[in-house]
Amino acid sequence: MSQFPSFDLAAFESATGDDRRARAAEIDRICRETGFLILRGHGVAPDVIDAVWTAAQAFFAQSPADKAKVKAPYPGYPYGWLGPNAEALAKSKGEDTPPDLKESFNGGPLSMPENAPPEAVKFCYSPTLWPDMPAFRPAWQAYYAALEDLAKRVMSAFAEALDLAPDYFDQFLQHPVSALRALNYPATTGVTALAAQQRAGAHTDYGSLTILLPQAGSRGLEIFHPSGSWVEVPAEPGVFVINIGDLMARWTADRWVSTLHRVVVIPNQPARQSLAFFHQPDWQATITPLDGSDAYPPVESGPYLMGKFTATQ
Ligand SMILES: O=C(O)CCC(=O)C(=O)O
Ligand SMILES: [Fe+2]
């Protein structure tokens, strides 16, 4: 791959006729091949992005004792601080590896619908545990809201790429149960990783769509390309990296692929941060193959996610 595939969302949205169809076909092509692309023309305001970076950095710069004030209270609690040694993503693929060399802060939906089922209340709608830092919560919530909007725009482009009406996915996105995760991978200088230990072990994402913001200029994110080799994803300033997850592969009856990816340990690297927004359809959305086939039985979005998540803890 000479150049990593990219897609300009604003250019797509203003395109008409054959040009629009060609751009939609390009999304389809990329999603059939790897499902990973650089997203340009996203329109998320730079100050919203700057503020959440600043907030995340200030959070991770605290002492472990301060971070522990918002620690996930029990294994499997989806939000709050997951400290070092808390997660091994490769376990979701049945690989028994040492824990990932990272820590994270995680938060859930900004509001809960009145009719949320009890299992959803206990999992996705668990409270986000806010650090005692006045600028953190508003910055986090503004970024979450901006990415929820962006995810809907991307899903609409996806619908066109799949020859569906642009608003096809709206019915499944009334109260998405998306999660936002800030990641901090400590510097690798002087660190000896155990065998098979990575910053993030090889995994596929679980949901419909991930919108990733790797720290500009950072190294180590790789995808397993269908040609059989690991390919590094560039971390350019001002763009997002998006990828589809297992639920979207299932939804498209494997027309689109959910590609294995990891963050490798490169010696003598500074700390690396990233923000991962895991977009997830409504808890009760029933995901049935879009081609009308019986490639997979229907699943409900929320319980599907919960099953995947608990396997890595
Ligand atoms: O930090 C990154 O760049 C990728 C993280 C990732 O793939 C994940 O958390 O699912
Ligand atoms: Fe991932």
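Every number for a ligand or one of its atoms is a count from 1 in the order of the listing. These values consider heavy atoms only, across backbone and side chains, with no hydrogens, waters or symmetry-generated copies.
Ligand 1 has Arg272 within reach: a non-hydrogen atom of the residue lies less than 4.0 Å from it.
For the side-chain contact (heavy atoms from CB on, under 4.5 Å) test with Phe240, the passing option among Thr210, Leu9, Leu213 is Leu213; the others fail.
Residue Leu183 approaches ligand 1 through these ligand atoms, each under 4.0 Å from one of its heavy atoms: 1 (O), 5 (C), 9 (O). Shown in contact with Phe278 at under 4.0 Å from a heavy atom are these atoms of ligand 1, numbered in order with element: 8 (C), 9 (O), 10 (O). Residue-ligand proximity, Val263 to ligand 1, at heavy-atom distances under 4.0 Å covers atoms 1 (O), 2 (C), 3 (O), 4 (C).
When heavy-atom distances to ligand 1 are checked against a 4.0 Å cut-off, Thr210 has no atom that comes that close, whether in backbone or side chain. Of the heavy atoms in Ser274, only side-chain atoms (C-beta onward) come closer than 4.0 Å to ligand 1.
For ligand 1, one of its N or O atoms has an N or O atom of His261 under 3.5 Å away.
Using modelled atom types and a 3.5 Å distance limit, the side chains of Asp254 and Tyr296 yield a donor-acceptor pair.
Closest protein heavy atom to atom 5 (C) of ligand 1: Tyr185 OH, 3.4 Å. For atom 10 (O) of ligand 1, the nearest non-hydrogen atom of the protein is His203 NE2, 3.0 Å.
A centroid separation of 6.0 Å or more is found between the aromatic rings of Tyr79 and Tyr125. Centroid-to-centroid, the aromatic rings of His261 and Phe36 come within less than 6.0 Å.
Ring-plane geometry between Trp130 and Trp140 is classed as perpendicular, the angle between the planes exceeding 60 degrees on a 0 to 90 degree scale with a lower cut at 30. Taking the six-membered ring where the residue is Trp, Tyr77 and Tyr74 present perpendicular rings, their angle passing 60° and hence far from 30°.
The backbone N or O of Gln273 lies less than 3.5 Å from a partner atom in the side chain of Gln215, making a donor-acceptor pair. For the pair Glu103 (side chain) and Tyr185 (backbone), a donor-acceptor distance under 3.5 Å is absent.
For the Fe ion (ligand 2), protein N, O or S atoms closer than 2.8 Å were enumerated as His203 NE2, Asp205 OD1, His261 NE2, with waters left out.
With a 4.5 Å cut-off on side-chain heavy atoms, Phe158 and Met248 count as touching.
Shortest non-hydrogen contact noted between Ala253 and Asp291 is CB-OD2, 3.4 Å.
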